[in-house]
Amino acid sequence: ASAAFGFAPTRSLTLLLSVERSHIRDEIERFDDGHGFERGGTETWGSVEFRYAFLARRRVSPYVVAGTGRGISRPSVNEFFPDANERKIQVIYYGAGARVPLGPRFDAFVDGRIIMQVEGKSDYFGVRFPVRGGIAWRF
């Protein structure tokens with residue numbers, strides 16, 4: 001889930017301040033001779049994002065996106081991972097998408113991003129490839 005407030009000095013360039021929340025589920029695999037685990041959790045961060053639309057006046061307008069932010073990771077707690085400490089995170093992402101006008105002041109958009117995440121004071125480095133879609137209202 002995400003929410004953003006943006007400023008667009010031109011139809012092509014937009015600066016967004018956003019808040020995002022992401023949940024990653026635990027992955028537990030059991031084998032005859034053992035098991036493997038990947039810990040999930042909930043991450044919440046605020047970020048600054050830039051979008052540049054290449055064909056801003058066309059019906060479908062492709063764009064590129066890049067951003068960075070900071071937040072908190074709350075790892076899942078279960079029988080394999082009993083500690084519940086929060087961790088500070090930093091995210092950097094980039095990607096591409098498309099915007100389609102629905103009306104004079106409404107747009108629909110969809111984009112895919114590569115999100116790289118680093119947890120503070122640990123060796124954890126994660127990469128995800130989420131797709132996001134939504135509606136933008138210009139006022």
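Residue numbers run from 1 in the order of the sequence given. The analysis underlying the following values was restricted to heavy atoms, covering all of them including side chains, and did not include hydrogens, waters or symmetry mates.
- Of the inter-residue distances, the one linking Leu55 atom CG with Arg99 atom CZ reads 10.0 Å to the nearest 0.5 angstrom.
- Under the 4.5 Å side-chain heavy-atom criterion for Ile, Leu, Val, Met, Phe, Trp and Tyr, Phe129 and Met116 are members of the same hydrophobic cluster.
- In this structure, Val65 and Ala96 approach most closely via the heavy-atom pair CG1-N, 4.1 Å.
- Tracing side-chain contacts under 4.5 Å through hydrophobic residues (I, L, V, M, F, W, Y), one never reaches Phe5 starting from Phe7; they form parts of separate clusters.
- At a threshold of 4.0 Å, the pair Glu49-Arg132 counts as salt-bridged, since one of the basic side-chain nitrogens sits closer than that to a carboxylate oxygen.
- Panel note: side chain Ser2, backbone Val19; no donor-acceptor pair is recorded below 3.5 Å.
- For Ala8 against Thr14, the heavy-atom pair with the smallest separation is CB-OG1, 3.9 Å.
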* Step by step, would you call Val91 with Glu43 a side chain to side chain contact (heavy atoms under 4.5 Å, CB included)? -> CA-CA 10 Å; Val91 295; Glu43 299 157 349; over 6 Å; no

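- Applying the ring pair (Phe, Tyr, Trp, His ring centres under 6.0 Å) rule to pairs touching residues 43-73 yields Tyr52-Phe54, sequence neighbours excluded.
- Other residues, nucleotides and ligands contribute only 12 or fewer heavy atoms inside 6.0 Å of the OH atom of Tyr94.
- Of the listed residues (Glu86, His23, Arg87), just one forms a side-chain contact (heavy atoms from CB on, under 4.5 Å) with Arg74, and that residue is Glu86.
- Not counting sequence neighbours, the partners of Arg11 by the salt bridge (Lys or Arg N to Asp or Glu O under 4.0 Å) test are Asp107.
- Rounded to the nearest 0.5 Å, atoms CD1 (Ile89) and OG1 (Thr44) are 7.5 Å apart.
- Hydrophobic clustering keeps Trp137 apart from Phe109 (ILVMFWY residues linked when any side-chain heavy atoms are closer than 4.5 Å, directly or through intermediates).
- The two residues Tyr93 and Ser47 come nearest to each other via the heavy atoms OH-OG, 3.0 Å.
- Minimum heavy-atom separation, Pro101 to Arg59: CD-O, 2.8 Å.
- Shown here for Ile115 and Pro130, the closest heavy-atom pair between the two residues is CD1-CG, 3.5 Å.
- Counting side-chain heavy-atom gaps under 4.5 Å among Ile, Leu, Val, Met, Phe, Trp and Tyr, Phe31 is found in no cluster with other residues.
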* **Worked verdict on Leu17 versus Val48 for side chain to side chain contact (heavy atoms under 4.5 Å, CB included)** => CA-CA 5 Å; Leu17 300 175; Val48 175; 3.8 Å; yes

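- Ser73 contributes atom OG, which lies 5.5 Å from atom CD of Gln117 (distance to the nearest 0.5 angstrom).
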